[in-house]
2 protein chains.
Amino acid sequence: MTELVIKLTQKFPFFSKNLIQEIAKYGVVKNIENKTTILTTGDNVRMLPVVLDGIIKVYSIYEDKEFLLYYLKSSESCIMSFSACIENKKSEITAITESDSTLILLPSEKVKFWLKKYESFNKLFFKLYDQRYLDMINTLNHILFENIENRLLRYLYETRRIKGTSELAIKHREVAEDLGTAREVISRLLKKLEKDKIITQLKGGIIKIL
Amino acid sequence: MTELVIKLTQKFPFFSKNLIQEIAKYGVVKNIENKTTILTTGDNVRMLPVVLDGIIKVYSIYEDKEFLLYYLKSSESCIMSFSACIENKKSEITAITESDSTLILLPSEKVKFWLKKYESFNKLFFKLYDQRYLDMINTLNHILFENIENRLLRYLYETRRIKGTSELAIKHREVAEDLGTAREVISRLLKKLEKDKIITQLKGGIIKIL
DNA sequence: AAAAGTTGGTGACTAAAGTTACAATTACAA
DNA sequence: TTGTAATTGTAACTTTAGTCACCAACTTTT
């Protein structure tokens with residue numbers, strides 16, 4: 001049993017031996033370093049990326065304005081790439097690694113085939129769609145009915161959860177883009193959160209959640 | 001060939017004869033009159049509604065505040081009911097008929113079964129998820145980066161498209177709820193659009209798009 | 001037809017967040 | 001280390017939209 005098979009089995013315990021074998025055979029493993037763009041709006045998607053290790057940030061871009069849609073973690077795939085991939089459409093999103101990551105790229109033809117052949121594979125994507133859609137409904141409600149301060153707090157807590165650390169090395173500018181607002185607004189609010197003893201800002205541009 | 005089979009064949013030309021037969025056999029057709037709630041947040045979903053005729057409005061409700069997620073038209077189904085249905089979860093949405101409508105209710109067990117057995121059935125739901133997700137990304141960008149006036153215009157044009165008429169019988173209060181804003185704001189803006197000769201407001205609460 | 005409820009119109013006010021403009025600080029490279 | 005670029009801080013201002021208060025018009029109920 002190769003290392004890849006072992007890893008795939010760990011990450012996808014609900015996949016059958018056969019499916020794992022096929023994925024290992026046709027998938028292309030790639031190590032990608034932090035802050036690398038793996039997909040941009042408009043790209044043709046011929047291979048579906050699935051995350052083995054690392055974190056990937058998925059953005060929508062609308063008239064030059066970014067907005068964070070979701071993070072991809074280990075064992076997850078990007079539903080927007082999935083749909084672009086199986087329908088031969090162009091990518092509607094931009095994906096950037098947020099840590100050194102390992103992906104496995106699955107050829108779109110095989111993805112379509114596995115979708116028919118393996119129920120567990122099929123189910124995974126329905127599940128991802130569902131999660132992402134519910135998530136989107138929440139995001140939408142937050143944008144509509146909550147003020148930015150709460151959205152910022154939510155963002156900080158969520159980022160801590162995803163990254164697994166309370167010390168977030170992230171620029172104000174980036175936070176602003178992720179939330180679809182202006183840098184000044186974030187600087188102001190972070191100062192306020194500091195005053196309220198919810199965070200501290202260490203030197204080196206690190207936001208520490210208390 | 002029964003009337004139902006004929007109708008199903010029209011609405012779902014990509015479904016096989018067998019699938020159509022099964023749907024006709026196990027589906028329950030319901031005629032539902034305008035403004036009827038067919039599903040509320042928290043309901044158990046044991047039957048998946050698929051629209052044969054009519055229009056259905058699907059809402060999310062967040063702390064008493066409604067927000068229009070999408071309209072369902074003929075040949076469409078509600079992905080949120082779908083996911084609730086196949087995973088035995090409770091509904092996260094509220095659905096209300098916007099015209100006298102005909103639905104066919106599919107038992108969740110059969111839905112799960114058809115999903116495996118019929119590729120065309122499986123594909124339909126992936127397609128719906130995809131459409132709805134892309135739609136959501138757009139909505140999100142509009143909320144974040146456009147002012148309410150534009151969002152209102154978009155809403156009016158979209159409603160005209162869905163309803164197939166330029167004379168929309170809709171209350172200001174309802175428009176406000178759909179867009180997640182306040183009634184006064186809508187009244188003010190509709191007056192402005194009237195001044196700008198983009199709409200007129202007829203008596204009886206009808207908004208006519210020019 | 002009078003009363004009660006619903007809907008729409010509007011001015012005045014408030015709050016929130018986006019913008020401008022620039023200063024201060026920190027990081028980085030020559 | 002010194003100059004340059006990137007990042008952060010902040011005050012003042014503007015804009016947008018949400019809120020309040022109230023009235024008028026229209027509808028429905030009694």
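Protein chains get the first letters and strands the later ones, always in sequence-line order, with residue 1 at the start of each.
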**Q** Go through the side-chain N and O atoms of D135(A) and N138(A) and say whether any donor and acceptor fall under 3.5 Å apart.
**A**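 Short answer, no.
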**Q** Roughly, in whole Å, what's the span from CG in L190(A) to C1' in dT10(D)?
**A**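 Taking CG of L190(A) and C1' of dT10(D), I get 14 Å after rounding.
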**Q** Measure the shortest side-chain to side-chain distance between L103(A) and I38(A) over non-hydrogen atoms and say whether it is less than 4.5 angstrom.
**A**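 SC-SC contact between L103(A) and I38(A) confirmed.
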**Q** Any luck finding a side-chain donor-acceptor pair between D178(A) and Y155(A) under 3.5 Å?
**A**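 Distance-only check passes for D178(A) and Y155(A).
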**Q** Does a nitrogen or oxygen in the side chain of Q201(A) sit under 4.0 Å from OP1 or OP2 of dT7(D)?
**A**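 No, outside the criterion.
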**Q** To the nearest Å, how far apart are K191(B) NZ and dA25(D) C1'?
**A**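 About 12 Å, once rounded to whole Å.
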**Q** Using a heavy-atom cut-off of 4.0 Å across all strands, would you classify G204(B) as base, sugar-phosphate, or nothing?
**A**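 No contact.
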**Q** Let me know the distance between CZ of R173(A) and P of dG9(D), rounded to the nearest Å.
**A**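 Result: 15 Å.
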**Q** Would a line drawn from the ring center of F145(A) to the ring center of F67(B) be shorter than 6.0 Å?
**A**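 They do not qualify: ring centres at least 6.0 Å apart.
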**Q** Atom CG in L72(A), atom OG1 in T97(A): separation rounded to 0.5 Å?
**A**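 Here the interatomic distance stands at 11.5 Å.
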**Q** Applying ring-ring contact (aromatic ring centres under 6.0 Å, His included), can you list everything that pairs with Y71(A), at least two apart in sequence or on another chain?
**A**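 For Y71(A) there are no ring-ring contact (aromatic ring centres under 6.0 Å, His included) partners, ignoring immediate neighbours.
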**Q** Does anyone know the first and last nucleotide of DNA chain C in reach of chain A, 5' to 3', at under 4.0 angstrom to a heavy atom?
**A**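 Both ends considered, the range comes out as dA17(C) to dA27(C).
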**Q** Would you say the side chains of S99(A) and N34(A) form a donor-acceptor pair under 3.5 Å?
**A**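 Note: S99(A) and N34(A) side chains miss the donor-acceptor criterion.
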**Q** Each nucleotide in nucleotides 13-24 of chain D should get exactly one letter: B, S or -. Can you fill that in based on protein heavy atoms under 4.0 Å?
**A** ----SBBB----
**Q** Determine yes or no for a side-chain-to-main-chain donor-acceptor pair under 3.5 angstrom, with K11(B) supplying the side chain and L52(B) the backbone.
**A**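 Checked: pair present.
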